[in-house]
Amino acid sequence: MTVTTASSVLFNVAAGTYAGSLFFHLLKRHRFSCWLLGLGFALHTASQVSRCWRWGVFSLDGVFNGALFLPWCLAFLALFCLWRGRQQDAASMSWLVAPAMFITLLLPIQIPAPGPFTATWSSPMFFCLEVLAIACFLASGWFAWRQLRRRDDDQLFNQLAIWGFILYSLAQVVGAVWSYLGWASLFHWGERHLQSAAIWCLYCGYLHTQFDRSFDMRKKARWALTSALVVLLVAYALQVAAHLTVLNPAKVSGKGSGRGEARVTAQEQVHVALPHGAVPGACRDPKLAEESHD
Amino acid sequence: MIKCLWKALASIRLTLWLLVLLTLNLFVGSFYAKFMPVFGELNTKLFPVWLMTRSDIHSWWIFTLFGLLALLFANTLACTLDRVHFLWGKRQHHRRSIFFLLLAPSIMHFCFLFIIGGHALTEFTGSKERLLAVVGEQVSFDDLQVTMLDRHYDYWQAPALEGKMQQCTATLELKSGSNVEQRPIAILEPLYWQGYTLHLGMAGKPGIDELPPLQITVKKDPGLLLILIGNTVLCLLMLWYFPQIRKIRNGGQKQ
């Protein structure tokens with residue numbers, strides 16, 4: 001069994017376990033639901049760790065891809081809630097974890113190969129922090145929605161939004177360092193960076209509602225829920241869609257490789273398109289590769 | 001009248017409206033940037049140069065964006081000065097650690113002003129140039145000359161990564177007056193020289209049997225330090241402030 005196969009098998013079993021967790025949550029067996037969530041998390045962690053060797057060399061490229069890593073982050077937050085004695089809230093997170101996992105399983109998502117633009121600590125760190133922040137935002141929206149239905153004074157959604165904002169800010173700093181080293185600019189006038197700035201402003205606004213007396217708990221919960229829906233659309237749906245070969249036939253090869261594999265690089269995750277359409281590693285002539293000294 | 005204006009400028013409601021409008025503006029801008037390549041040129045030209053040569057009716061979102069940012073800058077400055085003035089008057093009533101904790105949000109807001117100021121400094125007074133790098137050919141900017149002496153591509157050896165590039169390095173000859181020196185450069189490993197940073201990148205799509213053409217981006221970034229220091233201090237203060245203030249609000253308990 002290859003590392004890639006082992007990783008996929010573990011991922012599938014983890015998905016099944018998360019589905020079981022959701023099933024027991026629906027039956028209001030919250031304790032058992034949490035146990036399954038913990039088991040799924042352990043299997044998912046093993047899958048993510050083994051993914052580091054999927055190319056035959058150690059590489060963190062693709063490990064923090066949103067589609068694969070977001071369910072892990074959501075499960076991590078659920079277990080954190082459990083650790084803080086919030087069993088029912090933790091079990092309810094399976095409503096987020098299981099669908100996120102199944103979307104990843106259903107859609108043919110391509111993981112980029114390691115290239116020269118990702119060979120730095122700031123690249124995996126940026127994706128890790130960003131996805132973790134998105135998970136906090138989505139969880140905040142989820143608990144804001146439950147808050148609006150229950151009408152109590154639980155501040156969990158607020159705490160998650162604050163931590164999401166801190167992690168998102170850290171991701172922007174690390175991303176700016178990566179962007180500067182690779183593309184000579186801390187801020188890129190492109191779709192991805194402008195949308196990141198928009199999400200940052202949206203949550204910055206949310207944080208400032210604390211200082212406006214007209215904003216009661218319900219109004220804040222509405223803001224958190226709306227923001228989470230925006231994040232779901234912009235930072236998750238559109239980013240996952242960018243990696244779908246179904247929606248991006250142009251990204252399916254034919255540009256020299258003849259292997260029909262999608263060519264989406266980690267750089268494209270950040271800048272959408274390389275300057276002037278450059279594709280690192282597109283030259284596949286072995287002779288040129290060997291004699292590449294000028 | 002001035003007092004009234006100051007009160008309006010320092011209002012938190014104005015902050016909320018500005019942040020919501022900025023969010024909308026940035027989302028709209030992101031779609032313009034996606035579908036109109038002219039906005040990508042902002043990455044290789046300074047804003048004033050781009051404004052004179054490439055802006056048109058579709059650039060409205062950039063003007064509103066800069067307008068909103070300028071207003072947010074003024075609003076943040078007014079709010080922060082108000083709060084610092086208020087806290088300074090009450091400094092005798094708090095322990096030093098609590099006083100510093102209460103002051104932390106104001107410092108964070110000053111950091112935000114540094115970040116905005118740094119970006120403005122870079123966009124309006126820096127320099128950006130993208131030069132095609134061909135081995136043996138000299139390129140010039142200001143009074144400086146750069147020649148690429150050689151380039152080298154490394155490929156992964158693992159079978160699963162066959163044909164994938166691992167790194168690209170080059171040696172540059174840098175001339176400034178009578179001073180000549182040779183320096184190595186690689187992707188993600190920029191070179192610092194004469195107040196400029198030189199970044200190696202790829203300039204275009206290679207053919208099946210061609211190596212990717214290279215380019216050198218030459219950048220002078222006067223706002224870089226302001227932005228990086230502002231961002232780092234902002235994040236560190238946030239990591240310290242929020243758990244501390246929550247602990248105090250919960251009466252010293254973590255939960």
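Labels below follow one simple rule: chain letters A, B, ... track the order of the sequence lines, proteins then strands, and each chain is numbered from 1.
- Taking the side chain as every heavy atom from C-beta outward, Gln87(A) and Leu82(A) approach each other to under 4.5 Å.
- For the set Ile227(B), Thr197(B), Leu224(B), Leu22(B), the entry with the most heavy-atom pairs within less than 4.5 Å of chain A is Leu224(B).
- In this structure, chain B has no heavy atom under 4.5 Å from any part of Ala176(A).
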> Run the side-chain hydrogen bond (donor to acceptor under 3.5 Å, both in side chains) check on Ser140(A) and Tyr206(A) step by step: do they pass?
Replying inline: CA-CA 12 Å; Ser140(A) 163; Tyr206(A) 170 78; 5.7 Å; no

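- For Trp50(B), no part sits under 4.5 Å from any heavy atom of chain A, backbone or side chain.
- Interface remark: Pro243(B) contributes side-chain atoms only to the contact with chain A (heavy atom separation under 4.5 Å).
- For Trp17(B), no part sits under 4.5 Å from any heavy atom of chain A, backbone or side chain.
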> Run the side-chain hydrogen bond (donor to acceptor under 3.5 Å, both in side chains) check on Thr217(B) and Trp183(A) step by step: do they pass?
Replying inline: CA-CA 8 Å; Thr217(B) 306; Trp183(A) 298 272; over 6 Å; no

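- Heavy-atom distances place the side chain of Ile162(A), and not its backbone, under 4.5 Å from chain B.
- Contact of the Val230(A) side chain with the Tyr203(A) side chain is not registered, since no non-hydrogen atoms from C-beta on lie closer than 4.5 Å.
- Looking at Gln167(B), the atoms closer than 4.5 Å to chain A (heavy atoms on both sides) sit in the backbone and in the side chain alike.
- For the options Ser30(B), Gly223(B), Ala158(B), Ala33(B), heavy-atom pairs under 4.5 Å to chain A are most numerous at Ser30(B).
- With a 4.5 angstrom heavy-atom cutoff, Leu42(B) touches chain A via backbone and side-chain atoms both.
- Contacts between Thr209(A) and chain B at a heavy-atom distance below 4.5 Å involve backbone atoms as well as side-chain atoms.
- Among the candidates Asn231(B), Ile187(B), Leu234(B), Leu18(B), the residue making the largest number of heavy-atom pairs closer than 4.5 Å to chain A is Ile187(B).
- Leu188(B) touches chain A through backbone and side chain together, each having a heavy atom under 4.5 Å away.
- The aromatic rings of Trp83(A) and Phe80(A) are tilted relative to each other, their planes meeting at an angle between 30° and 60°.
- Scanning both residues, Met148(B) and Ala170(B), for their nearest heavy atoms gives CE-CB, 4.0 Å.
- Using a 4.5 Å cut-off between heavy atoms, Leu228(B) touches chain A through its side chain atoms alone.
- In this structure, chain A has a heavy atom under 4.5 Å from the side chain of Glu123(B), while its backbone stays farther away.
- If you measure heavy-atom distances from Leu236(B) to chain A, you find no contacts under 4.5 Å at all.
- By number of non-hydrogen pairs under 4.5 angstrom with chain B, the leading residue of Ser169(A), Gly56(A), Gly85(A) is Ser169(A).
- Within 6.0 Å of atom CZ in Phe63(B), more than 12 heavy atoms from other residues, nucleotides or ligands are found, so the atom counts as buried in its surroundings.
- Residue Tyr32(B) does not touch chain A at all, counting heavy-atom pairs closer than 4.5 Å.
- Phe27(B) has its side chain within reach of Ile199(A): a pair of non-hydrogen atoms, C-beta onward, lies under 4.5 Å apart.
- More than 12 heavy atoms of other residues, nucleotides or ligands shown are found within 6.0 angstrom of CD on Gln244(B).
- Heavy atoms closer than 4.5 Å to chain A are found in the side chain of Asp221(B), but not in its backbone.
- Side-chain contact between Ser227(A) and Phe137(A) is absent, with no heavy atoms from C-beta onward closer than 4.5 Å.
- In this structure, the side chains of Leu186(A) and Trp178(A) stay at 4.5 Å or more apart for every pair of heavy atoms.
- Contacts between Phe39(B) and chain A at a heavy-atom distance below 4.5 Å involve the backbone alone (N, CA, C, O).
- Closest of all the heavy-atom pairs between His193(A) and His188(A) is ND1-N, 2.9 Å.
- Contacts between Phe112(B) and chain A at a heavy-atom distance below 4.5 Å involve the side chain alone, from C-beta outward.
- Looking at Phe215(A), only its side chain comes within 4.5 Å of chain B, counting heavy atoms on both sides.
- Between Leu26(B) and Trp200(A), the closest side-chain pair of non-hydrogen atoms is not below 4.5 Å.
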